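As structure tokens, the structure follows; a few thoughts come after it.
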Amino acid sequence: MKLGLGSIAPNFNAVTTNGPIDFYNWLGYSWGLLLSHPEDYTPVCTTELGVVAQLEKEFKKRNIKVIALSVDNMESHNGWKLEIEQAMNVKIGFPIIADETAKIARLYGMIHEKTSDKHTIRSVFIIGPDKKIKLHLTYPMMVGRNFDEILRVIDALQLNDQYKVLTPANWKQNQDILIDPKLTEENADNLLPSWSTKGASYMRFAKNPKKN
Ligand code: BEZ
């Protein structure tokens with residue numbers, strides 16, 4: 001089964017550096033950020049997990065639970081986790097799944113045979129409290145992910161979830177949002193009365209409702 005945006009993120013049981021979990025129980029009503037990485041004790045992955053640990057407060061503020069995965073075993077994860085903490089001067093609070101049989105990696109399509117028939121590529125899944133996949137990104141092995149961008153998308157997704165508004169290219173928290181073209185003028189007035197058009201009639205901008 002191919003997972004796409006709007007698909008239900010499949011549940012699984014896993015062993016992790018924080019103990020065994022049932023994914024859905026562990027998520028509860030939070031949003032989830034599921035990250036796969038190719039291999040333990042590798043430089044790009046070390047910077048990535050270090051940066052995720054540095055951003056822990058930002059994820060918490062947004063009600064996001066982070067979980068990482070690779071097909072390496074628990075002994076390897078535990079040793080590597082200590083090295084990341086030293087190398088990146090962080091504490092890793094989020095769990096890292098030891099998916100030794102690649103059961104979860106295959107369930108989520110994280111193994112791309114043309115890259116490696118054994119190791120996961122760099123997948124990113126953002127999962128909503130309704131357990132639906134809200135974003136899926138695939139990065140190649142040699143490129144570390146941009147976690148500022150991932151936070152930016154989370155902000156945009158959560159704004160859409162709460163207010164049904166859209167966000168323009170390169171949008172950031174303090175910038176204007178766009179009103180869904182499907183919304184009638186009357187409904188737009190009810191939602192955000194201060195909206196105005198810029199450039200074209202269907203480009204209806206308004207202040208970020210969270211900043212009002
Ligand atoms: C890295 O994370 O640095 C890496 C992962 C897989 C292959 C090569 C490098």
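First listed ligand is number 1; within each ligand, the first listed atom is number 1. Not measured: the values here are computed from a predicted model.
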**Prompt:** Is Leu159 linked to Phe205 within one hydrophobic cluster, defined over Ile, Leu, Val, Met, Phe, Trp and Tyr using a side-chain heavy-atom separation of less than 4.5 Å?
**Reply:** no

Candidate pair Val165 and Leu178, rule side chain to side chain contact (heavy atoms under 4.5 Å, CB included), full reasoning: CA-CA 6 Å; Val165 296; Leu178 282 162; over 6 Å; no

Does ligand 1 have any N/O atom under 3.5 Å from a protein N/O, and what are those pairs and their distances?
from     : atom 1 : to     : atom 2 : distance (Å)
ligand 1 : 2 (O)  : Thr42  : OG1    : 3.0
ligand 1 : 2 (O)  : Val44  : N      : 3.3
ligand 1 : 2 (O)  : Cys45  : N      : 2.9
ligand 1 : 2 (O)  : Arg122 : NH2    : 3.0
ligand 1 : 3 (O)  : Pro43  : N      : 3.2
ligand 1 : 3 (O)  : Val44  : N      : 2.7

Closest heavy-atom pair, Leu183 versus Asn187, reported as atoms and distance to 0.1 Å, is CG-CB, 3.7 Å

Arg62/Glu58 ion pair, N-O < 4.0 Å:
yes

Under 3.5 Å, which donor-acceptor pairs link side chains of residues 93-100 to any protein atom two or more places apart or in another chain?
from  : atom 1 : to     : atom 2 : distance (Å)
Asp99 : OD1    : Lys103 : N      : 3.1
Asp99 : OD1    : Ile104 : N      : 3.2
Asp99 : OD2    : Ile104 : N      : 3.2
Asp99 : OD2    : Ala105 : N      : 2.7

Inspect the contact between Arg122 and Glu48 and indicate whether a charged nitrogen and a carboxylate oxygen are less than 4.0 angstrom apart.
yes

